[in-house]
**Student:** 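One structure follows; several queries about it will come next.
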Amino acid sequence: MIISELRVTPIAFRDPPLLNADGVHEPHVLRAVIELVTDGPGGGVTGLGECTGHAWQLDWLELIATRIRGMSAYDTGALARLVSELLAGRADGVDYGPDANWRRWSGRTPGSRGPAPVPAPAFDAMRVYSAIEVACLDAQGRRAGVPVVDLLGGRVRDAVPYAGYLFYKWAGHPGSGDDEWGAALDPDGIVAQAERMVDHYGFRSLKLKGGVFPPDEEIAAVRALRAAFPGLPLRIDPNAAWTLTTALAAVRELEGVLEYLEDPVAGVDDMAAVAAATSIPLATNMCVTSLEGVRPALERDAVRIVLGDHHIWGGLRASVALGDVCRAVGWGLSMHSNSHLGISLAAMTHAAAATPGLGHACDTHYPWNAAEDVVLPGALSFQDGSVRVPDGPGLGVQLDRTVLDRLHATYLSLGREHRDDKAYRRSVTP
Ligand SMILES: O=C([O-])[C@@H](O)[C@@H](O)[C@H](O)[C@@H](O)C(=O)[O-]
Ligand SMILES: [Mg+2]
């Protein structure tokens with residue numbers, strides 16, 4: 001399976017005004033679809049991947065696309081090394097101006113864009129490699145006629161439980177009328193949103209994105225959820241927006257109510273201080289984001305559960321391996337998500353199905369974004385809050401080219417290069 005082309009298509013799809021500690025989700029999510037085209041005996045196969053559509057990530061993928069022709073889609077180790085070397089070396093001769101990517105895609109000058117994130121080579125390399133690894137595994141599975149889960153060691157479960165991901169939200173984006181979800185700005189609104197999520201998808205765990213309102217209001221929302229859904233595990237994630245003092249007060253209120261508390265505060269020291277003061281397990285996708293972060297957190301006893309994410313941890317194999325690390329150090333494992341479509345949902349489901357120690361329902365933003373999916377309907381569906389591992393070879397999903405073209409056109413029409421929840425929020429409430 002020799003790689004003949006790496007096609008990167010930036011897309012933008014609709015997103016409701018979901019509030020978080022940074023600000024609020026913009027009307028469109030920027031993402032990218034990866035197509036890894038391979039040649040081989042009996043014809044080629046194409047593997048799919050999905051990742052964020054930030055300009056820096058697109059730029060790196062574009063650069064890598066110029067270097068991987070002729071490499072084998074089986075040799076993911078060589079591909080990982082190539083990505084690391086290129087990102088560490090910051091190869092010459094490529095236009096990495098902050099709006100380079102948008103200009104390249106559109107041939108026009110952008111009217112607006114957010115600030116360019118500063119790249120950090122090792123961290124970015126894992127993100128960039130991840131998109132390629134998923135596409136390689138999809139191609140390998142298609143070629144061999146087996147689902148990706150079989151390439152990850154085989155399944156330990158046929159269906160993967162997900163959590164209903166609740167957000168405070170406005171009724172709609174300003175100037176666009178109300179969306180189908182309506183407003184959720186207080187405990188009643190959150191409970192109504194949860195009821196809708198549970199009715200539609202059958203979720204058996206619930207997570208509230210916090211860090212938006214004063215902690216007392218968010219604790220009241222958690223209590224309202226507890227009363228409305230007595231049997232369901234609950235989590236809240238303020239994305240480290242709380243001070244240590246606030247968090248210590250909050251855990252006294254939340255004892256006995258939560259399955260886990262995710263990133264109440266920033267950094268290992270403050271997480272350790274909160275952990276020492278409560279029996280609520282602390283979970284994180286912020287203070288342990290790579291293997292290098294395991295030891296400091298372990299030494300301080302700062303967390304009990306890590307949320308992996310193949311987009312961030314370096315792919316599907318690395319995600320399964322993270323399960324082994326967590327088992328070895330006595331931590332639980334859950335899964336983080338960000339706004340995504342069906343290629344990512346399929347990849348998350350294969351990885352989770354192959355990971356024995358995954359003991360908590362995975363996060364997913366999918367219900368917020370499913371209306372504009374780039375994969376053909378049928379392969380992915382929720383039953384009782386779980387997604388069955390797709391049956392087909394590879395990831396088991398097929399690209400809907402009509403939707404892909406439409407979402408690419410939307411991307412071009414926006415002239416935006418980055419996610420900037422803060423600037424959008426400030427544009428509405430200065
Ligand atoms: O989508 C959001 O607003 C979330 O806050 C997301 O950006 C986080 O990465 C994530 O969901 C988390 O668990 O921290
Ligand atoms: Mg989180």
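Note: hydrogens, waters and symmetry copies are ignored here, and every other heavy atom, side chains too, is used. For ligands, and for the atoms within them, numbers begin at 1 and follow the listed sequence. Source: prediction; values computed, not measured.
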**Student:** Examine distances only and state if a side-chain atom of H310 and a backbone atom of L316 form a donor-acceptor pair shorter than 3.5 Å.
**Tutor:**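 Pair absent, no side-chain N/O of H310 close to backbone of L316.
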
**Student:** Which of the numbered atoms in ligand 1 are under 4.0 angstrom from any heavy atom belonging to R419?
**Tutor:**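 Those atoms are 1 (O), 2 (C), 3 (O), 7 (O).
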
**Student:** Check each atom of ligand 1 against the heavy atoms of H25 and keep those under 4.0 Å away; list them by number with element.
**Tutor:**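 Counting atoms of ligand 1 from 1, those under 4.0 Å from H25 are 1 (O), 2 (C), 3 (O).
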
**Student:** Of the protein's non-hydrogen atoms, which lies at the shortest distance from atom 6 (C) of ligand 1, and what is that distance?
**Tutor:**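 Ranking protein heavy atoms by distance from atom 6 (C) of ligand 1, first comes N338 OD1, 3.6 Å.
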
**Student:** Under 3.5 Å between some N or O of ligand 1 and some N or O of H365?
**Tutor:**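 Indeed, backbone or side chain, H365 has an N or O that close.
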
**Student:** Looking at R416 and V29, would you say the former's side chain and the latter's main chain have a donor-acceptor pair under 3.5 Å?
**Tutor:**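 No; judged by distance alone, with no hydrogens or angles, the pair does not exist.
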
**Student:** Between Y411 and H28, is the ring-ring contact (aromatic ring centres under 6.0 Å, His included) condition met? List the steps.
**Tutor:** CA-CA 9 Å; Y411 172 87; H28 291 90; over 10 Å; no

**Student:** Looking at ligand 1, does any of its N/O atoms fall within less than 3.5 Å of an N/O of K207?
**Tutor:**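 Checking ligand 1 against K207, an N or O pair does fall under 3.5 Å apart.
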
**Student:** Can you name the closest pair of heavy atoms from K169 and P16 and give their distance?
**Tutor:**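 That closest heavy-atom pairing would be CE-CB, 3.8 Å.
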
**Student:** Pull out every atom of ligand 1 sitting under 4.0 Å from any heavy atom of S337, numbered as shown with elements.
**Tutor:**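 Per the distance check, 10 (C), 11 (O).
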
**Student:** Considering just N/O/S atoms, say which atom of D237 is closest to the Mg ion (ligand 2).
**Tutor:**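 Relative to the Mg ion (ligand 2), the closest nitrogen, oxygen or sulfur of D237 carries the name OD2.
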
**Student:** Which atoms of ligand 1 are found less than 4.0 Å from any heavy atom of Y165?
**Tutor:**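 Close to Y165: 4 (C), 10 (C), 11 (O), 12 (C), 13 (O).
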
**Student:** Would you confirm whether R252, through its side chain, and E255, through its main-chain N or O, come within 3.5 Å as a donor-acceptor pair?
**Tutor:**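 Checking the backbone N and O of E255 against the side chain of R252, no donor-acceptor pair under 3.5 Å is found.
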
**Student:** Is the W181 ring parallel, tilted or perpendicular to the W368 ring (thresholds 30°, 60°)?
**Tutor:**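 Aromatic pair W181/W368 classed tilted.
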
**Student:** In terms of side-chain geometry, is the basic nitrogen of R142 or D138 positioned less than 4.0 Å from the acidic oxygen of its partner?
**Tutor:**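 Salt bridge flag = yes for D138 with R142.
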
**Student:** Please could you name the atoms of ligand 1 that D237 approaches to less than 4.0 Å, counting only its heavy atoms?
**Tutor:**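 So the atoms of ligand 1 that pass are 12 (C), 13 (O), 14 (O).
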
**Student:** Without swapping roles, check the side chain of H173 against the backbone of D15 for a donor-acceptor pair under 3.5 Å.
**Tutor:**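 Flag set: sc H173 to bb D15 pair under 3.5 Å.
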
**Student:** Quick check against the 3.5 Å criterion: does S386 have a side-chain atom that pairs as donor or acceptor with the backbone of F382?
**Tutor:**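 A pair under 3.5 Å: no.
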
**Student:** Within N285, is some N, O or S atom less than 2.8 Å away from the Mg ion (ligand 2)?
**Tutor:**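 So N285 counts as coordinating the Mg ion (ligand 2), yes.
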
**Student:** Checking contacts here: is it the side chain or the backbone of N285 that comes within 4.0 Å of ligand 1, counting heavy atoms only? Could be both or neither.
**Tutor:**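 Near ligand 1, N285 shows its side chain, while the N, CA, C and O stay back.
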
**Student:** Indicate if the distance from the Mg ion (ligand 2) to the nearest N, O or S atom of E262 falls below 2.8 Å.
**Tutor:**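 It does: E262 brings an N, O or S atom closer than 2.8 Å to the Mg ion (ligand 2).
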
**Student:** Check ligand 1 against N239 and write out every atom of the ligand that is under 4.0 Å from a heavy-atom position of the residue.
**Tutor:**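 Listed by number with element: 5 (O), 12 (C), 14 (O).
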
**Student:** Measuring centre to centre across the rings, with the benzene-like ring taken for any Trp, is Y168 within less than 6.0 Å of F213?
**Tutor:**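 Yes - the distance between ring centres of Y168 and F213 falls below the 6.0 Å cut-off.
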
**Student:** Going by the order shown, which atoms of ligand 1 are within less than 4.0 Å of some heavy atom of K209?
**Tutor:**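 Ligand 1 atoms under the 4.0 Å threshold to K209: 4 (C), 5 (O), 8 (C), 10 (C), 11 (O), 12 (C), 13 (O), 14 (O).
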
**Student:** Any idea which protein heavy atom is nearest atom 8 (C) of ligand 1, and the distance to it?
**Tutor:**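 Ranked first by proximity to atom 8 (C) of ligand 1 is H336 NE2, 3.6 Å.
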
